[in-house]
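Data first, discussion second: the structure below is written as structure tokens.
Just so we're on the same page: letters track the sequence lines, and every chain starts at 1. No hydrogens, no waters, no symmetry mates; every other heavy atom, side chains included, goes into these values.
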There are 2 protein chains.
Amino acid sequence: MRSENAAAVRQLDLFRNIHDDTFHTLIETSFLQRFPRGVTLIRESEPADFLHVIVDGLVEMFAATDTRETTLDIVAPVGVFILAAVLNDKAYLQSARTLEPSNILMIPAEKVRLAMETDPAFMRAIVMELARGYRRMIKDLKGQKLRTGAERLANWLLRTEKDQGHPGLVEIRTEKRILASRLGMTPENLSRAFSTLKAHGVTVNGLRVEISEPEALAGFAKPNPLIDDPENAVWLAID
Amino acid sequence: MRSENAAAVRQLDLFRNIHDDTFHTLIETSFLQRFPRGVTLIRESEPADFLHVIVDGLVEMFAATDTRETTLDIVAPVGVFILAAVLNDKAYLQSARTLEPSNILMIPAEKVRLAMETDPAFMRAIVMELARGYRRMIKDLKGQKLRTGAERLANWLLRTEKDQGHPGLVEIRTEKRILASRLGMTPENLSRAFSTLKAHGVTVNGLRVEISEPEALAGFAKPNPLIDDPENAVWLAID
DNA sequence: CGTTTATTTGAAAACGCTCAAGCTCTGTGG
DNA sequence: CCACAGAGCTTGAGCGTTTTCAAATAAACG
């Protein structure tokens with residue numbers, strides 16, 4: 001692994017304060033692999049063999065039944081996924097696939113569990129990561145149960161505008177059908193939700209969305225810190 | 001605190017294998033308090049001051065906006081709640097209220113964080129608890145996004161039948177409107193979902209539900225281990 | 001440039017919510 | 001023990017939202 005990548009991984013909250021030896025052990029037994037776009041990295045129900053770190057690219061976490069499929073999360077660099085399955089030594093609950101060509105660091109699950117037992121700082125970081133992830137899930141569930149589709153979209157726009165740092169402009173970084181699935185609706189419904197938001201100053205041009213009246217949009221969205229505020233934006237750059 | 005209660009709390013996965021001193025420190029600075037039914041124990045957005053352990057009774061975790069409210073979980077003895085908020089030292093994302101007269105053990109958040117730092121076994125238990133909770137949330141979110149209301153009810157019935165251990169019979173242990181909210185629907189809709197399930201061998205008598213054709217019901221519910229299987233039934237006796 | 005894939009639009013159906021009324025159950029006080 | 005009030009539950013009607021299916025348009029890719 002190139003040193004710049006290692007340095008980036010080291011900056012993750014999960015690894016930032018752990019012992020050098022621990023980090024070394026984790027890294028040296030890992031694979032850094034490049035995947036093209038559209039590759040399924042892990043499949044639900046398979047045993048959790050590796051902790052995955054996305055070094056570069058974009059990854060979609062999703063789950064499916066016979067007939068339906070939904071996007072649970074979109075993970076951007078530098079981010080970690082399926083930590084909980086690795087720790088519990090259970091099957092993955094989610095599948096993962098690349099949305100863009102991606103560099104993925106795969107750390108053997110066994111090594112993660114071992115490192116956790118030997119390095120208190122690492123275990124501590126794991127606790128914080130899990131607690132954050134847990135709370136993030138609750139927020140998602142609250143949004144899903146308490147809001148309509150258009151409201152979820154409006155709040156997603158407001159939050160993403162803030163994350164991306166360009167006032168009045170949001171760029172959708174995935175296909176719209178992925179965003180729709182992430183927000184818990186069909187692609188058709190996302191189109192209609194955008195139409196609804198036209199009345200509140202939202203204009204769509206392809207993957208570029210303009211927000212001309214932030215106050216009006218916020219009035220419709222009724223954003224709620226206990227649903228929308230990220231507690232840590234480090235590995236949540238995308239959504 | 002009476003010794004039988006202390007023993008019950010000690011049996012929790014979270015405390016089972018921790019050091020005696022740690023357990024003592026946690027317990028001796030805690031309050032065991034009795035609450036009548038219908039008391040709000042914690043409110044969303046308030047700072048997380050205590051880790052709560054339900055020793056006896058029943059507690060509803062819920063969240064609300066201006067106009068809507070939803071039940072996120074129902075916690076039965078002996079169970080722990082809002083661990084993640086305590087660890088992150090952030091505001092509660094959920095409110096909690098008693099559904100029955102309840103004995104609640106309240107452990108100062110500060111003590112929990114301190115004990116975690118001094119007792120590796122406790123930190124380890126916290127990791128496992130959080131990982132389980134995280135995965136439980138994912139399952140809930142999957143159910144919410146991938147299933148209709150009637151499907152969620154059907155799967156809830158099948159799982160609860162198994163949990164309660166009486167083949168062919170499920171007893172609803174809360175008001176139906178709470179169950180409806182837990183399943184992500186209105187009380188009216190729950191009634192109609194039960195009507196739908198009549199065709200698959202489900203008969204309702206007040207809070208008693210009879211399942212006369214488990215295979216037929218399962219055929220409708222299409223249960224999925226990656227959504228429905230509990231990974232730990234210890235503090236999930238109710239739902 | 002043509003083919004494929006994604007997005008949008010329209011129409012119809014399914015689903016879920018709200019409102020209102022009636023019913024059931026429970027607990028209280030006469 | 002009965003009557004009654006209050007709360008919860010069910011049912012019906014109407015409505016709004018979301019999904020599905022189908023077709024048209026737009027965009028992306030070779």
Side-chain angles (χ1 to χ4, degrees), chain A residues 36-38 58 60 64-71 97 99-101 143-154 156 170-199 202-209 220-221, chain B residues 36-38 58 60 64-71 97 99-101 143-154 156 170-199 202-209 220-221:
Chain A
R37 180 191 150 127
L58 201 58
E60 177 194 13
T65 61
D66 296 346
T67 54
R68 283 177 273 236
E69 177 179 315
T70 189
T71 303
R97 80 182 137 221
L99 292 176
E100 295 174 7
Q144 201 63 40
K145 290 179 82 174
L146 292 171
R147 285 175 170 161
T148 66
E151 284 170 345
R152 289 195 295 278
L153 173 60
W156 181 87
V170 167
E171 195 195 341
I172 301 171
R173 307 238 229 153
T174 65
E175 291 173 357
K176 284 203 186 118
R177 64 187 181 82
I178 305 286
L179 174 60
S181 180
R182 173 76 243 270
L183 294 176
M185 55 181 114
T186 58
E188 295 95 326
N189 209 9
L190 178 63
S191 275
R192 288 170 186 132
F194 271 122
S195 302
T196 302
L197 297 188
K198 262 186 204 140
V202 172
T203 321
V204 188
N205 268 28
L207 294 179
R208 234 175 225 83
V209 184
F220 174 84
Chain B
R37 181 193 150 126
L58 201 58
E60 176 194 13
T65 61
D66 295 347
T67 55
R68 282 176 274 235
E69 176 179 315
T70 190
T71 303
R97 80 182 135 219
L99 293 177
E100 296 174 5
Q144 202 62 40
K145 290 179 82 174
L146 292 170
R147 286 174 169 162
T148 66
E151 285 170 343
R152 289 195 296 278
L153 173 59
W156 181 87
V170 167
E171 194 195 341
I172 302 170
R173 306 237 229 154
T174 65
E175 291 172 359
K176 283 201 185 121
R177 65 188 181 81
I178 306 286
L179 174 59
S181 181
R182 171 78 243 269
L183 293 175
M185 55 180 115
T186 57
E188 295 94 327
N189 212 0
L190 177 64
S191 275
R192 286 169 186 129
F194 270 123
S195 303
T196 302
L197 297 188
K198 263 186 202 140
V202 172
T203 320
V204 189
N205 268 28
L207 294 179
R208 238 178 220 81
V209 184
F220 174 84

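- When rounded to the nearest whole Å, the span between CG of A:Asn189 and C1' of C:dG16 equals 13 Å.
- To the nearest angstrom, C1' of C:dC17 lies 14 Å from CD of A:Glu151.
- B:Lys145 contributes no side-chain N or O that, together with a main-chain N or O of A:Glu69, makes up a donor-acceptor pair within less than 3.5 Å.
- One atom, CZ of B:Arg208, and another, P of C:dT24, lie 19 Å apart when rounded to the nearest Å.
- When distances are taken from the side chain of B:Thr148 to each of D:dT20, C:dG16, C:dT18, the shortest belongs to C:dG16.
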Check the interface with nucleotides 2-8 of chain C: list each N/O to N/O pair with the protein under 3.5 Å, or write none.
unit_1: C:dT7; atom_1: OP1; unit_2: A:Lys176; atom_2: N; d: 2.5
unit_1: C:dT7; atom_1: OP2; unit_2: A:Arg177; atom_2: N; d: 3.2
unit_1: C:dT8; atom_1: OP1; unit_2: A:Lys176; atom_2: NZ; d: 2.9
unit_1: C:dT8; atom_1: OP2; unit_2: A:Ser191; atom_2: OG; d: 2.6
unit_1: C:dT8; atom_1: O5'; unit_2: A:Ser191; atom_2: OG; d: 3.1

- Item | Chi angles and distances behind the side-chain contact (heavy atoms from CB on, under 4.5 Å) call for A:Thr148, B:Arg68 | CA-CA 11 Å; A:Thr148 66; B:Arg68 282 176 274 235; 4.1 Å; yes
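- Atoms CG (B:Leu153) and C1' (D:dT10) sit 15 Å apart, rounded to a whole Å.
- In this structure, CZ of B:Arg192 is placed 11 Å from C1' of C:dC19, rounded to the nearest angstrom.
- Atom NZ of B:Lys145 and atom P of D:dT19 are 11 Å apart (whole Å).
- Partners of B:Phe220 by ring pair (Phe, Tyr, Trp, His ring centres under 6.0 Å), not counting sequence neighbours, listed by chain and number: B:His200.
- The minimum heavy-atom distance linking B:Ser181 with B:Thr71 is given by the pair OG-N, 2.7 Å.
- Screening A:Glu100, A:Glu175, A:Glu60 for a salt bridge (charged side-chain N to carboxylate O under 4.0 Å, His left out) with A:Arg37, the sole residue that qualifies is A:Glu175.
- The shortest heavy-atom contact between B:Thr174 and B:Leu179 is OG1-N, 3.9 Å.
- The CG atom of B:Asn205 sits 14 Å away from the C1' atom of D:dT10 (whole-angstrom rounding).
- In this entry the distance linking CZ of A:Arg68 with C1' of C:dC15 reads 11 Å, nearest Å.
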